[in-house]
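Letters A, B, ... are given to chains in the order of the sequence lines, protein chains preceding strands, and every chain is numbered from 1.
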Amino acid sequence: MAEQGVTPQSEDFNAWYTDVVQRADLADYAPVRGSMIIKPYGYALWENIQAALDARFKATGHQNAYFPLFIPQSFMQKEAEHVEGFAPELAIVTHGGGKELEEPLVVRPTSETVIGHAFANWIQSYRDLPLLINQWANVVRWELRTRLFLRTMEFLWQEGHTAHATQAEAQAETMQMLDVYADFARDQAALPVIKGRKSDQERFAGADATYSIEAMMRNRWALQSGTSHNLGQNFAKAFDIKYLDENNELQFCWTTSWGLSTRMVGAIIMGHGDDQGLRLPPRLAPIQVVAVPIFRNDDQKSDVMEAITAAVQELQDAGIRVHLDNRENVNPGFKFNDWEMRGVPVRLEVGPKDVEKNSVALARRDVPGKEGKQFVDRPQMLSTVTGLLDSIHENMLREAAEFRDAHLHEAATFDEMVEILEAGDWALAPYDGSAEAEDKVQEATKATSRCFPLDQEPLPQGTACVITGRDAIGKAYFARAY
RNA sequence: CGGGGUGUGGCGCAGUUGGCUAGCGCGCUGCGUUUGGGACGCAGAGGUCGCCGGUUCGAGUCCGGCCACCCCGACCA
């Protein structure tokens, strides 16, 4: 029998990832290096992410709009840090309609500049504020090294852009959206994340401060899964985004931006998957329940199909995403393995014995083998499935949190820090926020600073950075990161 | 962009001391038997051997160049 599964995680985590993405039909390689084809199953997952986030954006007062893919090159050059930060990864269009363009067009790597330009026109008075906009779009960054979902030259995301009258309001917005991401990760994706502030090296080019949610993958690498920036008045000044306040005085706005991309799909894959393949969080899974009929002959077939069709209908009517696997060229055992690899949270089986006893079998993806399988009376099916979906969500979240917490350690000295990082875990230590300290850690361990977690007490006066010995500005997590 | 590797039916590979009709496994199509944890039999379909050039009576195989992809590093959501 040929090996039909994916490379085990323990053997080669990156190979496991690549295997799973392709075998589970999430994505495919495209003709152009570094770009990807998102297949229907992967896109359905993204659509569910979109729907959940979009609802949260609307609930917090944001409106969707769409800004153009092409940005005049001069726009990118108006904000000093922004130019420098993005210059190496820009795709630039120099020709159109067979002629060289007067001014080259940048394919957006992010939209602060075009949106800043528009905001400057839209905003006149304090009555126009706050302006709360989001767009769902594709962006392009010319990456050297790419990986499906985690880093591709073109990716899908949403980018929120807001303008406010005061610094405090902008900061409140920045933190609110970080919370939205963290809550989404926990409540929809079953991923516990750490909210924190980025070091200066990791800060967005043009931001005063960048915050992120960091998730731990099953190989203990960190994955930045969402970011929220307080842009201060940097873009307001570069694009002349001004308003008249109540005293008829002209003021610069305070702006923010925040984004979450298809990288979240990678976070879900690597944050939950096991040696069998994907494990999708029930609230985002494109298929929440897969129904597998089992029969030996035509008599049984008609009885079983009738029963299972009714069961599927009942679940569907209750709003559950169900797929009936009625393929006849593969046997049930194959289907079990196939759907487990694809990460479907719940499997419903109906066989002759179930028809006879008016029952169904339900198996949960997060608990392997017989332990995770139960037979329930048909009238209890719907309530059991509903309960299972919630229970699987809670269990996946708990497992991920326990795994993460088991691999977080505090370091009191540089040696301790190196020891923790070399073992592959995350180290939390007082850090002065400097680039030279970060470089030193990276040289020693390949790990970088992930964030200063928001959830921490202020350090006692004079606490030393474990790397440089200078005054620390807070405790930061360091880890290997994608 | 540096280091390593790989390009042979859809996928995974063998064939590489040049030799005639390029094989194997999986998958695919048809028919039949199967079906509660990755079924089996029989019959089929499917290949400009990554591309270009060279050597040779003869190139998947040797030589040169190019391209693509994967892995590891440096840079990044």
Would you kindly give the [atom1]-to-[atom2] distance between [X] and [N], to the nearest whole Å?
X: A/Glu371; N: B/G37; atom1: CD; atom2: P; result: 17 Å
X: A/Glu202; N: B/C75; atom1: CD; atom2: C1'; result: 11 Å
X: A/Ile308; N: B/G36; atom1: CD1; atom2: P; result: 14 Å
X: A/Gln22; N: B/C11; atom1: CD; atom2: P; result: 11 Å
X: A/Asn297; N: B/G36; atom1: CG; atom2: P; result: 13 Å
X: A/Arg23; N: B/G27; atom1: CZ; atom2: P; result: 11 Å
X: A/Gln276; N: B/G37; atom1: CD; atom2: C1'; result: 11 Å
X: A/Glu328; N: B/C28; atom1: CD; atom2: P; result: 15 Å

TODO: Using only heavy-atom distances, decide whether a donor-acceptor pair under 3.5 angstrom links the side-chain of A/Arg347 to the base of B/G37.
DONE: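 Pair found.
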
TODO: Indicate, yes or no, whether a donor-acceptor pair under 3.5 Å links the base of B/G36 to the side chain of A/Asp354.
DONE: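 Pair found.
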
Salt bridge check: are [X] and [Y] linked by an N-O gap of less than 4.0 Å?
X: A/Arg347; Y: A/Glu340; result: yes
X: A/Glu214; Y: A/Lys198; result: yes
X: A/Asp187; Y: A/Arg283; result: no
X: A/Lys335; Y: A/Asp338; result: no
X: A/Lys301; Y: A/Asp298; result: no
X: A/Arg404; Y: A/Asp425; result: no

On a whole-Å scale, what distance lies between the [atom1] atoms belonging to [N] and [M]?
N: B/C52; M: B/A45; atom1: P; value: 28 Å
N: B/G9; M: B/G25; atom1: C1'; value: 13 Å
N: B/G27; M: B/C11; atom1: P; value: 15 Å
N: B/C63; M: B/A77; atom1: C1'; value: 46 Å
N: B/A22; M: B/G32; atom1: P; value: 35 Å
N: B/C51; M: B/U61; atom1: P; value: 11 Å
N: B/C72; M: B/U55; atom1: C1'; value: 37 Å
N: B/U8; M: B/G3; atom1: P; value: 24 Å

Between [X] and [Y], ring centroids under 6.0 Å:
X: A/Phe204; Y: A/His82; value: yes
X: A/Tyr211; Y: A/Phe452; value: no
X: A/Trp339; Y: A/Phe334; value: no

Open item on the list: Checking contacts here: which listed nucleotide (B/G37, B/A77, B/U35) is nearest the side-chain heavy atoms of A/Pro332?
Closed with: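 The answer is B/U35.
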
Open item on the list: Among B/A77, B/G36, B/U35, which nucleotide has an atom closest to any side-chain atom of A/Thr227?
Closed with: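 Between B/A77, B/G36, B/U35, the one nearest the side chain of A/Thr227 would be B/A77.
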
Need the pair for [N]. Rule: Watson-Crick or G-U wobble, both distances under 3.5 Å, any strand; none if unpaired.
N: B/U6; result: B/A68
N: B/C11; result: B/G25
N: B/U34; result: none
N: B/G46; result: none
N: B/A59; result: none
N: B/G73; result: B/C1

Indicate, with a heavy-atom threshold strictly under 4.0 Å, whether [X] touches base, sugar-phosphate, or nothing.
X: A/Pro88; answer: nothing
X: A/Gly259; answer: nothing
X: A/Thr152; answer: base
X: A/Phe86; answer: nothing
X: A/Gln224; answer: sugar-phosphate
X: A/Leu150; answer: base

Open item on the list: If stacking means aromatic ring centre less than 5.5 angstrom from the base's six-membered ring centre, planes under 30°, is A/Phe334 stacked on B/G37?
Closed with: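 The base of B/G37 is not stacked with A/Phe334 (the test needs centres under 5.5 Å and planes under 30°).
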
Open item on the list: At less than 4.0 Å, is any side-chain N or O atom of A/Arg263 found next to OP1 or OP2 of B/A77? Yes or no.
Closed with: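 It does not, given that no N or O in the side chain of A/Arg263 lies less than 4.0 Å from OP1 or OP2 of B/A77.
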
Task: Residue whose closest nucleotide on RNA chain B lies nearer the 5' end, A/Lys353 versus A/Tyr482 - done: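 On the 5' side of the pair lies A/Lys353.
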
Sort me out a list of protein N/O and nucleotides 70-74 of chain B N/O pairs below 3.5 Å, or just none if empty.
{"residue": "B/C72", "atom": "OP1", "partner": "A/Asn14", "partner atom": "ND2", "Å": "2.5"}
{"residue": "B/C72", "atom": "OP2", "partner": "A/Arg145", "partner atom": "NH2", "Å": "2.7"}
{"residue": "B/G73", "atom": "OP1", "partner": "A/Arg480", "partner atom": "NH2", "Å": "3.3"}

Task: Parallel, tilted or perpendicular: ring planes of A/Phe239 versus A/Phe235, cut at 30 and 60 degrees - done: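 Rings of A/Phe239 and A/Phe235: parallel, under 30°.
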
